[in-house]
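All heavy atoms count here, side chains included; hydrogens, waters and symmetry mates do not. Within every chain, numbering begins at 1; the chains are lettered A, B, ... in the order of the sequence lines, protein sequences first and strands thereafter. Model, not experiment: these values are computed from the prediction.
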There are 4 protein chains.
Amino acid sequence: MLNGEKKMERPFRWAMVGGGRLGQVGYKHRIGALRDNTAYQLVAGAFDIEPARGKDFGINIGVDEERCYPDYKTMFTKEALRADGIEVVSIATPNGTHYEICKAALEAGLHVICEKPLFFTSEEGEEIKALAEEKGKIVGVTYGFSGNQMLLQMRAMIEQGLIGDIRVVDLEYTHGFNATDKSDKVSEAQKWRVDPKIAGPSFVLGDLSTHTYYMSQLIMPNMKISRLLCDRQSFISSRAPLEDNAFVLMQYENGAVGRLWTSSINAGCMDGHRIRIVGSKASLEWWDSKPGELRYEVQGEPIQTLIRAMPYLDDLCNADERLGALHQEGLSESWANIYLKIALAIDAKNRNDEETLKNLIYPDIDAGINGIRWIENCVRSAENGAAWVEFENKKSISI
Amino acid sequence: MLNGEKKMERPFRWAMVGGGRLGQVGYKHRIGALRDNTAYQLVAGAFDIEPARGKDFGINIGVDEERCYPDYKTMFTKEALRADGIEVVSIATPNGTHYEICKAALEAGLHVICEKPLFFTSEEGEEIKALAEEKGKIVGVTYGFSGNQMLLQMRAMIEQGLIGDIRVVDLEYTHGFNATDKSDKVSEAQKWRVDPKIAGPSFVLGDLSTHTYYMSQLIMPNMKISRLLCDRQSFISSRAPLEDNAFVLMQYENGAVGRLWTSSINAGCMDGHRIRIVGSKASLEWWDSKPGELRYEVQGEPIQTLIRAMPYLDDLCNADERLGALHQEGLSESWANIYLKIALAIDAKNRNDEETLKNLIYPDIDAGINGIRWIENCVRSAENGAAWVEFENKKSISI
Amino acid sequence: MLNGEKKMERPFRWAMVGGGRLGQVGYKHRIGALRDNTAYQLVAGAFDIEPARGKDFGINIGVDEERCYPDYKTMFTKEALRADGIEVVSIATPNGTHYEICKAALEAGLHVICEKPLFFTSEEGEEIKALAEEKGKIVGVTYGFSGNQMLLQMRAMIEQGLIGDIRVVDLEYTHGFNATDKSDKVSEAQKWRVDPKIAGPSFVLGDLSTHTYYMSQLIMPNMKISRLLCDRQSFISSRAPLEDNAFVLMQYENGAVGRLWTSSINAGCMDGHRIRIVGSKASLEWWDSKPGELRYEVQGEPIQTLIRAMPYLDDLCNADERLGALHQEGLSESWANIYLKIALAIDAKNRNDEETLKNLIYPDIDAGINGIRWIENCVRSAENGAAWVEFENKKSISI
Amino acid sequence: MLNGEKKMERPFRWAMVGGGRLGQVGYKHRIGALRDNTAYQLVAGAFDIEPARGKDFGINIGVDEERCYPDYKTMFTKEALRADGIEVVSIATPNGTHYEICKAALEAGLHVICEKPLFFTSEEGEEIKALAEEKGKIVGVTYGFSGNQMLLQMRAMIEQGLIGDIRVVDLEYTHGFNATDKSDKVSEAQKWRVDPKIAGPSFVLGDLSTHTYYMSQLIMPNMKISRLLCDRQSFISSRAPLEDNAFVLMQYENGAVGRLWTSSINAGCMDGHRIRIVGSKASLEWWDSKPGELRYEVQGEPIQTLIRAMPYLDDLCNADERLGALHQEGLSESWANIYLKIALAIDAKNRNDEETLKNLIYPDIDAGINGIRWIENCVRSAENGAAWVEFENKKSISI
């Protein structure tokens, strides 16, 4: 159980690119990183494309005025000159800028934490991975929902054979907030997401389903997709070629099958993030409607509901517990877990502690690349008339 | 609101073929038909493939010994000789016998009520339809779950434009009762279902998904599938070529898309019958977990839960209400509604009342044929490597 | 599992007093009694205070015109003259008439099935009980929700010690349908319920909570109340002295405590019938929101949800199963179970089979008297300023 | 919507008494206070009754070694000598020490934030209130669940008349974690809670129900209890005279009635915190099973479920929103809201800004005293044989 006591010698000096006042995601990075003030300290930032607004914001959240920079290049240059310069940077900018900022950060000798989808192409991913290895740095990816420890409970139970052989994987991440084109026009946080130049080759496949795809890999690290088929639509036609709805069918190497639905036009849906894994003996289901519960359904037995923080859960799960039973955790704890594990990875990397790194389960550069590949394969299928395609360039994820 | 008062001059003299002691489905036919004793009277039967057991059973449920027949042919012959002979017969036998019994019944001048899936091929369906028309008889099909009046509420709301244009259709009918091959070997009610000679070209597609497909047509009579793709599996390999799991993707003529999951290996699932219709304004969802509720989710408004029997429901829905608010209805009321409407159709047919027939919403021969076509298209896609196929021989269903 | 096959030589000839077109309760009696046509046949009735309407109604539900009587006295007299006269009568009239009709029926040599609350006073109950014993007849009471077999599952589990010693009993039966005085004025089914001359000394305590109190006794036959306290209110003041809301606190002989809330002004509540029994090891909960489920919560273990019809349930429970898993049962099955058991009691009584009678679990005359005593004690407490009162005249219920 | 930007000139220098490694509550204070690092900075502490453990812990959470004090007296003395000494202190120690520490803190010129129940007697409460006023300091009370903004939504809707006149108040806060005496013996966090010398005159009434009672006042500031009755039990007999289960009935001045159940022996219950307010038109319900939802049940209309963060919610509610729709908040946000409002109160108090203070809704000293009075009245009733007692010393709470 975590209570905020330090896990490393001292907190890392941390900065952000993006994540300023206009969007919602920056706050999530900060509540994740700064949960206990023992893993990171926010000391600098280039928070906004608009420098004055960014500086005002930075001061308001407690950053020294002189370390509120107009842009990331200035920040990397100036911070490199300081004895107490930044060590880690988080990138919370629109997708199309991730690659160049990430590359610049690594070249500036920084560890990197980046929003998903990581880049536009897996080639960029491999290049950055090689650069990170060369520089001896960590690249973490903020699949923000994946820090929920109930997913680790699923992983442990599956690994222990409690559901038998996996047969069906049912994934969904949908909502209805963009069921009209209104938000495309008025919301700064939304409009770039439907512009392929900034968002990349997909909208909801990248924005939503990469979370769920990573979560499925976290839960079932041994399951490899062999083929998939994706049918995507632009119900708001101005979004074409980017999709606001997609169905994906998957076939796995072990004979299992899967499906995924992702959508931003599922009108009225407020709890559309679900993962159900069906095995030969039992099923496991997580649903964000009650994110601290798991359903464990053994065929022929009463349905079991496992509750967060209870002693009967696996150690792998309870190691990430913070608030204890009866005390609801939420997304902020999920982000805190991810950020803490990335800090542990950075700490281990700095110490060349490969043993620790090998055993840490967190969204690393491979998870980021796998997310890009997921999108690439889906888009390739969709562009071929929603045809079955071999899943290309499969790599095992290091989780 | 229905209270059992008669809707026609007198109850029809009714018989069953099959539906005896060993299976569960016969009881459902009887509770449907005999709910109020004002639409049907059970006067004869050939209840069992084993004549002695069938006679014993018939006597036990109150049929005169002399009208408990050893087989359907004898029954049709003998009853035709009586002044008080049967007028309607229900067929609750394994799939492979439906066609011949149905044909014989019509030729004997009887109205017919038949289990789903109706026959093996749509050609058989068209032939029987022509015969029924020639004979002036009704053929009803017992999609037993479709009598739930909340489906009519969905139909009314969609027709009134309350959800806007339909965009996504999400259908599921799954359970986990046949997650192992055990029941195939021991259960009389199960073993024939995985034998293609008796079950026809599908297992769960026919056994489960035809219900849900019909319910979707009942709810959205104007939605036509243009193309579909079906990937089916036999997780219990001895069931091949019949599937125990299938995913279907649909594309509709209006640009909407859909998906359906049907399975008998969804381990532990006890409430896997769901219908969600997403429109441009709102979504409607029915789930058998709470069969007397509908979720009506208007994007940007509080989620609404509509409850059975409440005065705010549409007249089309409340016309089928029986027990009133706070009083749970279940599957027996659904069957009762279907049987009552088929009785009304028979009564209208007998009186050549085409106006009434035109306005009655019930699972008629077209609904039966459409169910066969659904299976045919799914199987054709599956056998072509889970490829997209044009939906063939579309006909509007007369609901 | 029940499938409609006969449990006795032939169905009883059955009549109703009341239960005509204007109310909802008569239909429930008929669907309970006539579920399988093997326990009862409806052959006569005095269905309505208004003879012409009653006759029209009786004919409409299939009763011979000549056996549709203008009043119960005429019916009892005329039927007594027939060789095929009625054997059992159900009384579904306003409370204030139960006693006299019940007495007349017993004196006419009939078995009786009566609505709750049985009579106004427990003295009347004891008198009728003595008369029934003298006449060798059964008096059953239609606590219509108590036929749900999941209650028997609770009984079996408690008896087997699966929850440990009972500590807390939490009962609720509330709804909001009479949150205004409108229905008092316009609804025939409601207006008499708030008139003490016809309804007796209570409104919701009798109308609602007697069901739940009986269900608690069915589940925990060994638990005896030693003291209780009742605070009742008339939120619609024209209902005074009758209550439309009441809180009751109970203390049991074994040291357990309990509480009950009953109300018709719980605005908007559509699922307010709940029973939770807390033991030293575990709790059991039934909620009409999902009447086919039980929650079994063992402290320190995953929460279990038991589902109707599953083989892991106790034989006592599954003996009353009809539709099988995945097939929703509702209130009609509950009534059918009660009516069938009363028929079995009548059959046993007619055969002087005391062994069968002793083992039958059904709402008998003692259950009816206990319901009256419940009301009497609640009212006595309420009239003493919501003071604690000793629970008087406790008698063990013969379940 | 809150995003961490500062609400006051600079964060307050903050310290804790108690809240060290062995208990769970200290972490909640820290995640509440330090959420955004713009309201408080943790600079000192006397974290543990065992000084060495306390110092080690303090260092581990980032406090300077020299400001990790062996006890609160030393801390108050030493910090008073520093130019950068503490300004606010939180007290997270067992109940029996609150009074003396609180008094000492105020006398040392500190603002105070204290755990509930505040003190043993309301006289102590009044004395401390007078002292705080004299010293010009704030005393806040950590009713940790009360910061959930959906409670403010309830308050706004009730104030706007959306449920009509309040008739019934139904409160529950129960769990089953202490259903056996095991935790009394082994858990440091539990054992003092059943010792009247340290816990005061109650166990669950103080430990659990004071939260819920305050939340009810927050929601319905105009509702005053006139009489109550409390029946309490010690199911684990070694806990006597302290109760581990209690039922309370309330009568309000406006004619409404209420009830409350609090328990630590509700075996298996993991979601037993509920508030239901029934009005003459509609009901509102909050349940910690889904803490971001409200049910709004207007009699005769579809049931509405209001979801956190949606634009249709009242400004009063959404002012405390942080993560946005689809992003689950939990208990940490509730604590953060409370701590932020107390910081705003301190800031206003320091500036003599009475206007701001008057409008701030937060758990202040009056809320703390009202909690004590609630316990006093409940205990007085219980000790009089669970008799009705006039609610004494009612004071309006300043919310």
Side-chain angles (χ1 to χ4, degrees), chain B residues 1-7 10-11 20-21 23-28 30-31 34-38 41-42 56-57 59-62 144-145 148 173 175 177 189 269-273 288-293 305 307-310 322-336, chain C residues 1-7 10-11 20-21 23-28 30-31 34-38 41-42 56-57 59-62 144-145 148 173 175 177 189 269-273 288-293 305 307-310 322-336:
Chain B
M1 199 156 165
L2 300 169
N3 68 350
E5 290 190 67
K6 68 180 178 182
K7 298 285 185 182
R10 60 163 183 79
R21 189 176 285 148
Q24 285 188 18
V25 79
Y27 187 49
K28 292 174 182 81
R30 287 187 293 278
I31 60 181
L34 305 178
R35 163 54 75 106
D36 300 318
N37 293 319
T38 47
Q41 277 186 307
L42 179 64
D56 183 60
F57 177 76
I59 292 168
N60 267 2
I61 59 171
F145 298 93
N148 184 316
Y173 191 2
H175 63 72
F177 271 97
C269 178
M270 303 300 296
D271 54 5
H273 206 169
D288 73 342
S289 171
K290 291 198 174 183
E293 297 189 359
T305 304
I307 310 278
R308 227 202 68 242
M310 292 297 285
R322 293 164 185 269
L323 299 187
L326 304 177
H327 298 148
Q328 303 278 347
E329 292 192 353
L331 188 60
S332 58
E333 280 76 21
S334 182
W335 278 80
Chain C
M1 199 158 166
L2 299 169
N3 69 349
E5 290 190 65
K6 67 180 179 183
K7 298 285 186 183
R10 59 165 183 80
R21 189 176 283 147
Q24 285 187 19
V25 80
Y27 188 47
K28 291 174 184 82
R30 287 187 293 279
I31 59 180
L34 305 177
R35 163 53 75 106
D36 301 317
N37 292 319
T38 47
Q41 277 186 308
L42 180 63
D56 184 59
F57 177 76
I59 291 167
N60 267 2
I61 58 171
F145 297 93
N148 183 316
Y173 190 3
H175 63 71
F177 272 97
C269 178
M270 303 299 296
D271 54 6
H273 205 169
D288 73 341
S289 171
K290 292 196 173 185
E293 296 190 0
T305 305
I307 310 280
R308 226 202 69 240
M310 293 297 284
R322 292 164 185 269
L323 298 186
L326 304 176
H327 298 148
Q328 304 278 348
E329 293 191 352
L331 188 61
S332 58
E333 281 76 20
S334 182
W335 278 79

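Counting heavy-atom pairs under 4.5 Å between each of M310(B), H273(B), R10(B) and chain C puts M310(B) at the top. Of the listed residues (D36(B), L2(B), D271(B)), the greatest number of heavy-atom pairs within a distance under 4.5 Å of chain C belongs to D36(B). Across L326(C), T305(C), N60(C), the residue that shares the most heavy-atom pairs under 4.5 angstrom with chain B is N60(C). Contact tally against chain B (heavy-atom pairs below 4.5 Å) for R35(C), H175(C), E329(C), R30(C): the top residue is R35(C). Ranked by heavy-atom pairs shorter than 4.5 Å toward chain C, the options D288(B), I59(B), V25(B), L34(B) are led by D288(B). Listed options K290(B), E333(B), K7(B), E293(B) were ranked by heavy-atom pairs under 4.5 angstrom with chain C; first place goes to K290(B).
Using a 4.5 Å cut-off between heavy atoms, F177(C) contacts chain B through its side chain alone, with no backbone atom that close. For chain B, the nearby parts of R322(C) are the backbone and the side chain; heavy atoms of each come within less than 4.5 Å. In this structure, the portions of S289(C) lying under 4.5 Å from any heavy atom of chain B include both its backbone and its side chain. Residue I31(B) touches chain C through its side chain alone, counting heavy-atom pairs closer than 4.5 Å. With a 4.5 angstrom heavy-atom cutoff, S332(C) touches chain B via backbone and side-chain atoms both. Interface remark: E5(C) contributes backbone and side-chain atoms alike to the contact with chain B (heavy atom separation under 4.5 Å). For I307(C), the part sitting under 4.5 Å from any heavy atom of chain B is the side chain, from C-beta outward, and nothing else.
Q24(B) and G324(C) get closest at one heavy-atom pair: OE1-CA, 3.8 Å. Pairing each heavy atom of F57(C) with each of N3(B), the nearest pair is CE1-ND2, 3.5 Å.
The NE2 atom of H327(B) lies 13.5 Å from the OH atom of Y27(C); values are rounded to the nearest 0.5 Å.
Of the possible polar contacts, none joining the K6(C) side chain to the G62(B) backbone as a donor-acceptor pair under 3.5 Å is found.
Here the side chains of N37(C) and L42(B) are not in contact, with every heavy-atom distance at 4.5 Å or above.
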